[in-house]
Amino acid sequence: TSFADLTAQLQPAVVNISTRQRIQVPTNPFAGTPFEGLFGGGQGGQGGQGDNGQTQTRRGQSLGSGFIISDDGYIVTNNHVVSPGAPNAVVEQITVTMPDRTEYVARLVGRDADSDLAVLKIDGRNLPHVAFGDSAHARVGDWVLAIGNPLGFGGTVTSGIISALYRNVGPGGVGTGGAFDRFIQTDASINQGNSGGPLFDMTGR
């Protein structure tokens with residue numbers, strides 16, 4: 001009648017992931033447009049806003065969720081959570097925040113953009129972790145829990161059922177194969193910042 005015991009068991013392994021990014025942007029917001037010469041003084045003019053391709057550095061960040069899969073600190077998340085937010089951005093640091101607010105600097109072990117998956121590693125010992133389930137045993141109508149750690153506010157839990165299996169969302173349509181035809185569809189609410197978080201069955205996998 002309640003998901004409380006299962007949530008208490010699983011939530012410690014679901015972490016917040018944030019990045020610190022360096023972004024190069026033109027000092028002239030009209031750079032590359034027909035209005036570029038009207039602002040900043042132009043070639044040899046005063047002010048130099050955006051003249052000669054000048055840029056300035058700004059800071060950016062992204063926030064998402066992930067889950068620990070080993071007691072020594074391997075973490076799975078979405079690739080887009082740890083990717084630059086703009087073409088001219090560079091990710092300088094990835095930070096993993098545990099539910100108890102302990103922070104770790106993470107390193108990127110590997111990523112696959114096509115399936116939107118990434119693996120991180122933090123230096124820890126005896127960390128709470130969860131195990132993968134077997135989606136081949138999942139059935140439409142099964143209860144599931146979606147757990148995230150979004151926006152630095154702490155954990156969030158939503159429940160629902162499996163609405164469909166092997167959903168195809170790829171550009172080639174049904175039957176094309178590849179990484180885009182094996183999605184599990186659920187009606188559990190997925191909140192902003194839940195990207196990278198896990199979907200659990202009732203055995204906690």
Test item: [X] side-chain N/O and [Y] main-chain N/O as donor-acceptor pair under 3.5 Å:
X: Ser159; Y: Ala188; result: no
X: Asp112; Y: Ser115; result: yes
X: Ser163; Y: Asp187; result: yes
X: Thr7; Y: Phe3; result: yes
X: Thr186; Y: Ile161; result: yes

Flag yes if [X] and [Y] sit in one hydrophobic cluster, no otherwise; membership is Ile, Leu, Val, Met, Phe, Trp, Tyr, and two members link when side-chain heavy atoms are under 4.5 Å apart.
X: Val109; Y: Ile122; result: no
X: Leu127; Y: Ile147; result: no
X: Leu199; Y: Tyr166; result: yes

Give the C-alpha distance, both sets of side-chain angles, the deciding distance and a yes or no for side chain to side chain contact (heavy atoms under 4.5 Å, CB included) between Val119 and Tyr74.
CA-CA 7 Å; Val119 177; Tyr74 281 94; 4.0 Å; yes

Under the criterion side-chain hydrogen bond (donor to acceptor under 3.5 Å, both in side chains), I'd like the reasoning laid out for His80 against Asp116: C-alpha separation, chi angles, the key distance, then a yes or no.
CA-CA 6 Å; His80 73 263; Asp116 195 22; 2.7 Å; yes

Using side-chain heavy atoms (C-beta onward) and a distance below 4.5 Å, is [X] in contact with [Y]?
X: Thr156; Y: Asn194; result: yes
X: Val76; Y: Phe132; result: yes
X: Phe67; Y: Ile75; result: no
X: Leu63; Y: Gln192; result: no
X: Pro128; Y: Met98; result: yes
X: Thr77; Y: Val82; result: yes
X: Ile184; Y: Val144; result: no
X: Tyr104; Y: Asp123; result: no

Minimal non-hydrogen separation, [X] against [Y], with atom names:
X: Pro150; Y: Gly148; value: CD-C, 3.5 Å
X: Leu108; Y: Ala118; value: CD1-CB, 4.1 Å
X: Ala89; Y: Gln21; value: CB-OE1, 3.7 Å
X: Ser189; Y: Ala146; value: O-CB, 4.5 Å
X: Pro99; Y: Val14; value: CG-O, 3.4 Å
X: Ala13; Y: Val130; value: CB-CG1, 3.7 Å

Counting only heavy atoms from other residues, nucleotides and ligands, does the tally under 6.0 Å from CG of Asp134 exceed 12?
yes

List in chain and number order the residues that pass side-chain hydrogen bond (donor to acceptor under 3.5 Å, both in side chains) with Gln9, two or more places apart in sequence or in another chain; answer none if no residue qualifies.
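If we apply the side-chain hydrogen bond (donor to acceptor under 3.5 Å, both in side chains) test to Gln9, skipping adjacent residues, there are no hits.
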
Rounded to the nearest 0.5 Å, what's the gap from [atom1] on [X] to [atom2] on [Y]? Could you check?
X: Ile69; Y: Leu120; atom1: CD1; atom2: CG; answer: 10.0 Å
X: Thr97; Y: Ile17; atom1: OG1; atom2: CD1; answer: 9.5 Å
X: His129; Y: Asn126; atom1: NE2; atom2: CG; answer: 9.5 Å
X: Thr158; Y: Leu145; atom1: OG1; atom2: CG; answer: 7.5 Å
X: Thr95; Y: Glu103; atom1: OG1; atom2: CD; answer: 6.0 Å
X: Arg125; Y: Asp72; atom1: CZ; atom2: CG; answer: 10.5 Å

Val105 and Gln93: CA distance, side-chain angles, deciding distance, side chain to side chain contact (heavy atoms under 4.5 Å, CB included) verdict:
CA-CA 7 Å; Val105 175; Gln93 182 174 297; 4.0 Å; yes

For Asn149 and Ser65, which I'm curious about, is there any donor-acceptor pair between the side chains at under 3.5 Å?
no

Check salt bridge (Lys or Arg N to Asp or Glu O under 4.0 Å) between Arg205 and all other residues, then give those that pass, not counting sequence neighbours.
none

Step-by-step side chain to side chain contact (heavy atoms under 4.5 Å, CB included) determination, Val96 to Asn16:
CA-CA 6 Å; Val96 170; Asn16 175 261; over 6 Å; no

Any salt bridge linking Arg139 with Asp201? Criterion: basic side-chain nitrogen under 4.0 Å from a carboxylate oxygen.
no

Verdict with supporting geometry, Ser83 and Arg111, side chain to side chain contact (heavy atoms under 4.5 Å, CB included)
CA-CA 10 Å; Ser83 296; Arg111 69 191 337 155; 3.0 Å; yes

